[in-house]
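Keep in mind that what you see is a predicted model, and the values were worked out from it rather than measured. Read the numbers this way: they start at 1 and go in the same order the structure lists the ligands and their atoms. One is the number of the first residue; the rest follow in order along the sequence.
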Amino acid sequence: MKVIVTKDKYAGGKATFDIFAEALKQGAKVLGLATGSTPLTFYQEVVTSSLDFSDVISINLDEYVGLAPDNPQSYHYFMQKHLFDAKPFKACYLPDGLTQDPATFCQQYDQLMLDHPIDVQLLGIGQNGHIAFNEPGTPFNLGTHEVQLTESTIKANARFFNEISEVPKTAICMGIKNIMAAKKIVLLAFGTEKAHAVKQLVEGTITEAIPATVLQRHHDVTVICDEAAAAELK
Ligand code: PGA
């Protein structure tokens, strides 16, 4: 696992941009993308760049169950606003939050990633060590699945909603098996509130209780964190 410590989230966004730009130059055609506040400085770099994605496919980590794509709190909307409006892709896939048949949808999403293996997967990390919505205790061998969000994740994400009761209770999410199948993984973490999770990710024991620790088993992971998120690293 390679760790890059940058001064702040803006430098982190630039460092992330450089890795993705190089991967595209080397022929990457499928990008695994993420939402949340963490990837925003990276997306800003992308949007103001000359990179062309018209021959690239994106596959997102997750989506809330019950939110339509045009709901401003949905991850569809987030991706449209922060990336896709400015940078059209050949195709953009996110889980369908309105599916009537989550089990079948999850199988189809797994198949999508078998048909289009992810070249570079972007990740954030939760304060509790979750990756995407794979919360503590999620088996490492799960594929795409519907998850019950934990209280801590609902609280952390409530800042994007008018009130906490509006935060959906479940989501459809790529599993750790899907994430680990990506050829290359880039995980971003900014701010002191992520420092403990970053320490566990890089230096902790591998355990399903801290999902991100599984990344120690992947052969090509780069962690990009700012000085605040790196503060607990030895
Ligand atoms: P954040 O979320 O980028 O909004 O901090 C990251 C995550 O919980 O995975």
Closer than 3.5 angstrom, by distance alone: can the side chain of [X] be matched with the main-chain N or O of [Y] as a donor-acceptor pair?
X    : Y    : result
N134 : I131 : yes
H218 : Q216 : no
E208 : F140 : yes

| task | Please name all residues satisfying ring-ring contact (aromatic ring centres under 6.0 Å, His included) with F133, sequence neighbours left out, ordered by chain then number. | result |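 Partners of F133 by the ring-ring contact (aromatic ring centres under 6.0 Å, His included) criterion, ordered by chain and then number, come out as Y64.
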| field | Worked verdict on F20 versus F42 for ring-ring contact (aromatic ring centres under 6.0 Å, His included) | value | CA-CA 10 Å; F20 274 78; F42 164 56; 4.8 Å; yes
| field | Contact residues of ligand 1 (heavy atom under 4.0 Å), by chain and number | value |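 Residue list for ligand 1: G36, S37, T38, G124, I125, G126, H130, R159, K194.
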| said: What I want to check is whether the side chains of T144 and D110 have a donor and an acceptor closer together than 3.5 Å. | reply: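 Indeed, the side chains of T144 and D110 share at least one donor-acceptor pair under 3.5 Å.
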